[in-house]
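Following: one structure in C-alpha cells, then a few remarks.
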Amino acid sequence: MLLRRSELAVPAANDNMFAKAAASDADLVFLDLEDATAPAHKVAARAKVITALNELDWGRTARAIRINGLDTVWCHDDIIEVVTAAGRNLDTIVVPKACTARDVWWVDLLLAQLEAKLGLERKIRLEVLIEEVEGLANAEEIATASPRIDALIFGVGDFSLSQGARVDTNFVPLGDYPGDFWHYARNKVLVAARIAGIEAIDSPYPDYADLAGYETEARRSSLYGYTGKWAIHPDQIPVANAVFAPTADEIALAERNMAAYREGEAKGLGAVGVEGVLVDAAHVKMAQRTLDRVALINGGSPA
C-alpha cells in the first residue's frame with residue numbers, strides 16, 4: 001500500500017524543479033506530461049522524465065507520471081517510451097480524463113505487454129482521474145476496471161468545464177451556494193473508490209498562496225473519507241500531510257477503545273461501555289483503521 005496524503009504535481013518539461021520535488025516530503029510526486037506541459041514540449045519532456053526517474057534519489061516518495069489523454073497523439077508514446085526506459089523506477093501512472101472502464105483496460109493491456117516484454121517483475125500501479133461528467137457517471141465501473149488501480153482522483157478543474165459550472169479560477173462558484181459545491185461529485189468518486197477497495201484523492205487547489213483555504217478544503221474532504229489531496233506547490237505538502245494523518249486525539253481514542261474491547265472480549269463480552277459510550281466490533285474496526293494508518297505513516301506495515 002502506498003501512502004498518498006500529498007501528491008505533488010510537477011510540470012514534466014521543467015526539469016529544474018525535479019530535484020526539489022524528489023527531496024520534498026510529498027508522499028507521491030507525478031511528473032506531468034499532460035496539462036502542465038505545453039504541446040510543443042511534450043515529446044522532449046519524456047526524456048527529462050526518464051532521466052529524473054532513473055537518476056534522482058526519491059527516498060520514500062512514490063514516483064509517478066501523468067500521461068496525456070487517450071484521445072491525443074502523445075499518450076501511446078508516453079507509456080511506451082517512459083516504461084521502456086524507466087519502468088523499473090516508475091511506481092504509478094496517472095490516467096487522465098477516464099470516461100469508461102475501457103479507457104483503463106487499454107492502459108492496463110499496454111502495460112501488461114510492456115512488462116512482459118521488458119521482464120518487469122513489479123507491476124506499475126494506476127491512479128485514475130475522474131474529471132468528466134461521463135467519467136463520474138461510470139465511476140464504479142472505472143474503479144473496478146483493473147487490479148492495478150489503487151486510487152481514484154477527483155479532478156475538479158476539467159470537471160468544472162465538463163459540467164459547465166460557473167466558477168472562478170479556484171473552482172469556487174460565482175454566487176451563493178449552500179455547503180460544498182462539489183459534494184455530489186466528491187462523494188460519488190469516494191463511494192466508487194470504496195466499492196473497489198481503493199483510495200480516494202481530492203482535487204488540486206489552484207490558489208496556492210491561500211494555505212488556510214487549502215487546509216479547509218482538505219479537512220472537509222478528509223471527513224468524507226478521502227485519504228489525500230493534490231498539491232500544486234511545495235507549500236501545500238505539509239498541510240496535506242498533517243490533515244490526512246490521524247490526530248493525537250484520534251490515536252488516543254483508537255488505543256483506548258481497542259484496549260477496552262479486548263479486555264471485554266477476554267471476559268466473553270461482545271461490547272463494552274467506555275466512559276458512558278458503547279464500544280462494539282464496528283468501533284474496533286474503526287480503531288484498527290486508525291492505527292494501521294499511523295503504522296503506514298511511520299514507515300511500518302499495517303497490522
Side-chain angles (χ1 to χ4, degrees), residues 1-10 20-21 24-30 32 35-36 60-62 64 66 92 94 96 127-131 136 139 143 150-160 165 167-173 177-194 198-251 253-254 286 289-290 292-294 296-298:
M1 179 183 292
L2 289 180
L3 190 61
R4 296 184 188 80
R5 297 164 300 173
S6 52
E7 295 200 351
L8 179 63
V10 180
K20 183 177 181 180
S24 74
D25 288 328
D27 291 329
L28 180 146
V29 171
F30 69 92
D32 188 8
D35 287 350
R60 286 184 58 190
T61 301
R66 176 163 65 162
T92 298
V94 180
E127 294 187 4
V128 180
L129 270 157
I130 304 298
E131 50 185 341
L136 187 68
D150 53 9
L152 287 188
I153 307 163
F154 174 47
V156 67
D158 281 291
F159 191 85
S160 299
V167 295
D168 63 18
T169 54
N170 208 40
F171 314 124
V172 174
Y177 187 88
D180 178 7
F181 188 70
W182 300 112
H183 174 80
Y184 170 73
R186 277 196 171 102
N187 204 53
K188 185 169 174 60
V189 169
L190 174 66
V191 169
R194 290 295 176 263
I198 60 179
E199 302 296 301
I201 309 301
D202 195 27
S203 55
Y205 190 87
D207 189 357
Y208 58 83
D210 179 15
L211 293 180
Y214 180 82
E215 180 176 355
T216 296
E217 189 168 273
R219 289 196 181 282
R220 182 169 53 208
S221 63
S222 75
L223 294 178
Y224 292 156
Y226 279 79
T227 51
K229 187 170 180 63
W230 269 15
I232 62 167
H233 190 280
D235 288 349
Q236 294 177 331
I237 295 170
V239 178
N241 287 350
V243 168
F244 293 100
T247 65
D249 287 344
E250 287 173 320
I251 296 168
L253 179 63
M286 293 172 64
R289 181 179 63 189
T290 297
D292 285 348
R293 181 78 169 164
V294 173
L296 186 61
I297 290 169
N298 291 336

Who are the side-chain contact (heavy atoms from CB on, under 4.5 Å) partners of [X], not counting sequence neighbours?
{"X": "Pro173", "result": "Tyr177, Phe181"}
{"X": "Thr247", "result": "Asp249, Glu250"}
{"X": "Ala192", "result": "Ala139, Glu140, Ala143, Leu152"}

Report yes if some heavy atom in the side chain of [X] is under 4.5 Å from a heavy atom in the side chain of [Y]; otherwise report no.
{"X": "Val10", "Y": "Lys20", "result": "no"}
{"X": "Val243", "Y": "Ser221", "result": "no"}
{"X": "Pro246", "Y": "Ile251", "result": "yes"}
{"X": "Ile201", "Y": "Leu28", "result": "no"}

**Shortest non-hydrogen contact between Ala165 and Trp182, atoms and distance** = CB-CH2, 3.7 Å
**Complete:** Nearest heavy-atom approach of Ala21 to Leu8 is CB-CD2, 3.9 Å
**Request:** Please name all residues satisfying side chain to side chain donor-acceptor pair (under 3.5 Å) with Glu7, sequence neighbours left out, ordered by chain then number.
**Result:** Trp230
**side chain to side chain donor-acceptor pair (under 3.5 Å) against Thr61, all qualifying residues, sequence neighbours excluded** = none
Taking atom [atom1] of [X] and atom [atom2] of [Y], what is their separation to the nearest 0.5 Å?
{"X": "Phe159", "Y": "Ile130", "atom1": "CZ", "atom2": "CD1", "value": "9.5 Å"}
{"X": "Thr290", "Y": "Leu253", "atom1": "OG1", "atom2": "CG", "value": "8.0 Å"}
{"X": "Ser203", "Y": "Arg186", "atom1": "OG", "atom2": "CZ", "value": "4.5 Å"}
{"X": "Arg220", "Y": "His183", "atom1": "CZ", "atom2": "NE2", "value": "10.5 Å"}
{"X": "Asp158", "Y": "Leu129", "atom1": "CG", "atom2": "CG", "value": "8.5 Å"}
{"X": "Asp292", "Y": "Ile297", "atom1": "CG", "atom2": "CD1", "value": "11.0 Å"}

Any donor and acceptor pair, going by atom type alone, linking the side chain of [X] with main-chain N or O of [Y] inside 3.5 Å?
{"X": "Gln236", "Y": "Tyr205", "result": "yes"}
{"X": "Ser6", "Y": "Asp27", "result": "yes"}
{"X": "Arg194", "Y": "Gly225", "result": "yes"}
{"X": "Asn170", "Y": "Val172", "result": "no"}

Residues forming a salt bridge (Lys or Arg N to Asp or Glu O under 4.0 Å) with [X], sequence neighbours excluded:
{"X": "Arg219", "value": "Glu215"}
{"X": "Asp150", "value": "Arg4, Arg125"}
{"X": "Asp207", "value": "none"}
{"X": "Arg66", "value": "Asp32, Glu34"}

**Complete:** Residue pairs passing the salt bridge (Lys or Arg N to Asp or Glu O under 4.0 Å) test with at least one member in residues 225-235, sequence neighbours excluded, are Asp202-Lys229, Glu217-Lys229
**Asked** Who pairs with Phe244 by ring-ring contact (aromatic ring centres under 6.0 Å, His included), at least two apart in sequence or on another chain?
**Response** none
**Request:** Not counting sequence neighbours, which residues clear ring-ring contact (aromatic ring centres under 6.0 Å, His included) with Phe171? List them please.
**Result:** none
**Asked** Got more than 12 heavy atoms from elsewhere within 6.0 Å of OH, Tyr208?
**Response** no
